[in-house]
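Read the structure below first, then the notes.
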Amino acid sequence: MKLNRDTLWFLAIFALSTIVSGTLIQSNFPPYGMHQGAQADRACIALNYFQESMNFFLPRVMENRAADGICGLEFPLLPYLTACFYKVFGFHDVIYRLLLLTLWFFGQKAAWKMSSLIISKLAHRAFFHFLWTSSPLLFFYSFNFLPDIAALSFSLIAWYHFFEFKNGKLINQNFHIFLLFSALSGLLKVTFLINFIAAIIIEWKQLNIPSRLKLLLPVLAVGAWYFYSAQLTKSTYNLHFLQQMNPPGSLAELIENSRYALDTWMDQIYPRNFLLIFLIIMLITAQQYNRQSDLLKIFGLLFGGFLSVFLLFNRQFRFHDYYFIQAFPFIFFGLLYLYETHLKNKLIYTGFISILALVGLFITPFYQFSHAKNIVRRTLTPKDYYNQSFFQDFTSFEKTRKELDSIDPTRKKEIIFAFDPTPNTSLYLLQRQGIRLAPDFDSAICSQIIQEKLKKDPSTLQYLIIHDLYSLPKNHFIRHFITPQNDESGLKIYTLKNP
C-alpha cells in the first residue's frame, strides 16, 4: 500500500473513527455485549480447534453432549485462522477481534477505492466515507466474533475487482479475484451471494462463454460446503447454527416480525430519520434524474435482494440486529448514486435535492458518528438495554477456571454448568468443553442428562458449576446431585454425586 496523500486520508479516517467511536474498548473482553451467545458460538469453534483438534472439517463447540461438540456451520475460515494464531501467540480473545478488524480495514479500503471512481474531490470522498461507515452495527461488529462483517468486507473487495474488470484493467486477474472473494463472502454468509448475482446480471451480456462457465465456481464452492455442513449437522444432531431459511408462517407474523425488527434495530443501522430521508431521495432521484446509471441498477438489484433475504429469514431479523449488515452494500451504492447524480463535477449546485445532498454530505457524518458512538458506548455498558450480556463478571469465571485447572490439571474431568440460556458462553469463559443446563430445561430433563452421564462414565464426569446456588429453593432438584458447601454465593464448583 503506497502512502500517498489518498492513502493517508483513508488511514486517518479509519484510525480516528475506530478509536474515537469506542470500538477498541472491548479489546480485552471475551464475547460481550449484544448477542453474547452468538459471539461465543463462533469464538468457541476457534478455541476447540486450538485445544481439541485442528481438523478443519470437524469444527466443534464447547457443549459436547453429542458427538464431542462436532457440528455444522458456515465455512469456518475465521475460527481456523484464529486458531493458527493461537498456536503461535497463545490464546487471547483479542486475536479473533483483530482478525475481523483487519478484514474490515481491507473491506473499507476497497470501498474507498470504488468511491474514487465517482468522487474525484478528496475532501468529498473523505466525508462520504465517514458518512456511510458511521454505523453502530459496523463499529461494534467489526471488532467482534461474528462472520457478517468479514462477509461484507469480502463482498466489497469483490465489487472493487468487478469494477476494475468492467473497466478493462487486468481483465483476467481482476475477474478471478472477483470470483474468489465472491465465493468467500458466500461461504461465510450465504445471503451475501446476492452481491455476486447482482454483478452477474449487470455484466452478463459482456461476458464470453468461458467466463460465464467460471461463474459456476463460487456457486459450486458455496453449495458444496453447505451440503457438507448440513450432513455434519444431520449426523451429529448438534443444531447450534441456523442452516436453513426461517420465513414467517403467515402474513400476520410477517407484519409483526417486520414491525418489531425495524422498530428495535433500525437505529443500529443509522438514525432512522436519515434512513427515511435517504430512501425518499433515492425514489425521487430514480424517477426524475439519471435512470441509466449502473449504480442505480446495482442499488435496485441489491435492495431487491435484501428484501428477499428479509422475507426468507424474517424470524431471524426479529431477534438479530447483525442480519441487517446485509443492507450496507445497497446503502453504499445508493449513496454513491446520489453523489453521482447530484454532486459530481458540479461547480454550482442548483435544485433543492442537490443543495440538500451537499449540506447532508458535510453535516450528516458528524451527526451519525455521534449517534453511533453513543450506541457503541451503551452496548459496552453493563446493565444497559443495548448490552444484554447474560454474563458480565469475567473475573469470577477467570478465578473459577484457574481453580478447575488446579484440581484437574489433565483436563479429563467433564463439567456441567447450570444454568446458562446460551449454549456455549459459560463453557467458553471456563475454556472447557462440557454440558450446560439451560434455565428453561425442566427438572426431569436435567436429572436425566446428569444421570445418563454418571452411568456412562462416572470417573469422567465430576464437577457441576453453578452461580449463586443460595438463590435456588432448598428443595431444588440440583441439590440432590451435589455435595453442599457452607458458602453458596458467587460462582462455585461442586462435586457431583449420585443421589
Measuring from atom CG of Asp148 to atom CG of Leu138, what distance do you get when rounded to the nearest 0.5 angstrom? 11.0 Å
Can you tell whether the side chains of Arg401 and Asp405 come within less than 4.0 Å, N to carboxylate O? yes
With under 30° as parallel and over 60° as perpendicular, where do the rings of Phe14 and Phe105 fit, or are they tilted in between? perpendicular
Salt-bridge present (Glu403, Lys399; N to O < 4.0 Å): no
Can you tell me how the ring of Phe328 sits relative to the ring of Tyr270, calling it parallel under 30°, perpendicular over 60° and tilted otherwise? perpendicular
For residues Tyr494 and Tyr463, establish whether the separation of their ring centroids is below 6.0 Å. no
Kindly assign one of parallel, tilted or perpendicular to the pair Phe91 and Tyr428, based on the angle between their ring planes and the thresholds 30° and 60°. perpendicular
Carboxylate-amine/guanidinium proximity below 4.0 Å for Asp408 and Arg432: yes
Do Glu256 and Glu253 touch side chain to side chain, with heavy atoms closer than 4.5 Å? no
Using the ring of each side chain (for Trp, its six-membered ring), is Phe319 parallel, tilted or perpendicular to Tyr260, with breaks at 30° and 60°? tilted
Decide yes or no for Ser135 and Gln368: does some side-chain heavy atom of the first lie under 4.5 Å from some side-chain heavy atom of the second? no
Applying side chain to side chain contact (heavy atoms under 4.5 Å, CB included) to Thr400 and Ile493, what does each step give before you reach the verdict? CA-CA 8 Å; Thr400 303; Ile493 303 172; 3.7 Å; yes
If we only count heavy atoms from C-beta on, is the Met266 to Leu275 side-chain gap below 4.5 Å? yes
Inter-residue atom distance Ile95.CD1 - Leu81.CG, 0.5 Å rounding: 12.0 Å
Is there a donor in the side chain of Thr133 and an acceptor in the side chain of Gln108, or the other way round, less than 3.5 Å apart? no
Should Tyr226 and Phe75 count as side-chain neighbours, where that means a heavy-atom distance under 4.5 Å? no
Cation-pi check, Arg436 to Phe417: give yes when NZ or CZ is under 6.0 Å from the six-membered ring centre and within 45° of the ring axis, no otherwise. no
Is it possible for you to check whether Lys189 lies under 6.0 Å from the centre of the six-membered ring of Tyr322, through NZ or CZ, and within 45° of that ring's axis? no
Working to the nearest 0.5 Å, report the span between CG of Leu464 and CG of Leu469. 9.0 Å
Decide yes or no on side chain to side chain donor-acceptor pair (under 3.5 Å) for Ser471 and Asp468, but give the supporting numbers first. CA-CA 6 Å; Ser471 64; Asp468 290 339; 5.7 Å; no
Phe106 ring center near Tyr160 ring center (under 6.0 Å): no
Could you give all pairs that pass the side-chain hydrogen bond (donor to acceptor under 3.5 Å, both in side chains) test and reach residues 65-91, with sequence neighbours left out? Arg42-Glu74
Aromatic ring pairing Phe419/Phe477, orientation class (parallel under 30°, perpendicular over 60°, tilted between): perpendicular
